[in-house]
Amino acid sequence: MDEQLARRDLLRICHLLYERSYVVSSDGNVSVQLDDGRILATPTMTCKGRMTEDLIAVTDLDGRSLNNQRASSELAMHLLIYRERPDVKAVCHAHPPHGTAFAVAGLPIDQPILSEVILTLGCVPLAEYGTPSTDELSDAMRPLIKHHNALLMANHGAVAYGSDLWQAFDRLETLEHTAKIAILSRMLGGSRNLPPDAIEKLINVREAAGYLDQGARCQACGYLHETNLSCPTGDRPVSNHPTGNGGGKISLTRDELVELLSRAVTGRD
Ligand code: 13P
């Protein structure tokens with residue numbers, strides 16, 4: 001990508017993140033990989049609403065500084081995404097309030113409630129909590145990155161990535177919009193999931209149209225319990241899946257449920 005264009009887009013996206021309240025204060029970070037492998041990144045501890053071009057940090061793919069700006073403290077997380085997903089050239093991390101509310105509540109965004117989201121983003125898993133800027137966070141995210149284009153980070157925020165800055169930003173925006181609609185519909189009495197046959201049709205349309213790249217074929221996994229589809233990454237049961245989308249869910253037969261409830265009522269072990 002042309003460096004001048006990348007610098008312009010990075011600045012525009014920083015300003016949009018702030019204007020849309022996806023970040024406040026010095027929250028969030030954005031990066032883009034240039035054709036020659038260098039990374040342009042937001043500097044640490046800088047308000048994205050007041051970002052100017054001279055503040056952009058430049059590093060190599062190992063995070064070594066190539067100019068006089070100190071890149072984001074979370075650059076390692078961006079570099080991990082570039083390593084795990086060679087198709088990804090831009091990363092956007094923010095704390096959008098509705099998406100982050102899911103992350104704080106310990107919930108993935110994986111309910112099949114919106115057709116467009118199944119087509120363009122798929123489910124967004126929740127990475128376990130890890131201290132920001134440390135290996136803990138990278139370790140929690142690593143197994144999920146290959147199979148998804150956006151992740152929630154428990155008690156922290158969200159990250160989305162794509163083949164360019166606008167795709168990364170758009171995915172972050174879809175994540176936030178979906179989370180907002182999910183919360184609003186719950187306030188109206190509860191959302192209704194799309195039925196399994198509708199989900200399967202959408203996934204077929206998505207695969208045929210190539211809306212999601214090969215690298216992210218596990219996007220259906222949050223919906224697997226609703227359909228007869230199997231996991232494209234290894235056919236594991238949802239509760240066992242690397243996305244964590246089982247969310248601690250278990251399935252019981254009616255008899256097992258009755259037995260469990262009667263034990264709870266009678267105090268039997
Ligand atoms: P940086 O200012 O170092 O990029 O960190 C911001 C942030 O969002 C931490 O989660």
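Atoms within each ligand, like the ligands themselves, are counted from 1 in listed order.
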List, one per line, each side-chain donor-acceptor pair under 3.5 Å for residues 6-13, sequence neighbours excluded.
{"unit_1": "Arg7", "atom_1": "NE", "unit_2": "Glu3", "atom_2": "OE2", "d": "3.1"}
{"unit_1": "Arg7", "atom_1": "NH2", "unit_2": "Glu3", "atom_2": "OE2", "d": "3.2"}
{"unit_1": "Asp9", "atom_1": "OD1", "unit_2": "Trp166", "atom_2": "NE1", "d": "3.4"}
{"unit_1": "Asp9", "atom_1": "OD2", "unit_2": "Trp166", "atom_2": "NE1", "d": "3.4"}

Treating Glu176 as the side-chain partner and Gly99 as the backbone partner, does any N or O pair qualify as donor plus acceptor under 3.5 Å?
yes
Identify, chain by chain and in numerical order, each protein residue with a heavy atom under 4.0 Å from an atom of ligand 1.
Ser26, Asp27, Gly28, Asn29, Thr44, Met45, Ser72, Ser73, Glu74, His93, His95, His156
Can you list every ring pair (Phe, Tyr, Trp, His ring centres under 6.0 Å) pair that touches residues 50-99, not counting sequence neighbours?
His93-His95, His93-His156, His95-His156
Look at the side chain of Arg206 and the backbone N and O of Ile118, then say whether any donor-acceptor pair between them is shorter than 3.5 Å.
yes
Arg38 side chain vs Val58 backbone, donor-acceptor pair below 3.5 Å:
no
Provide the full list of side-chain hydrogen bond (donor to acceptor under 3.5 Å, both in side chains) pairs with a residue in residues 58-68, sequence neighbours left out, each pair given once.
Asp60-Arg64, Asp62-Arg64
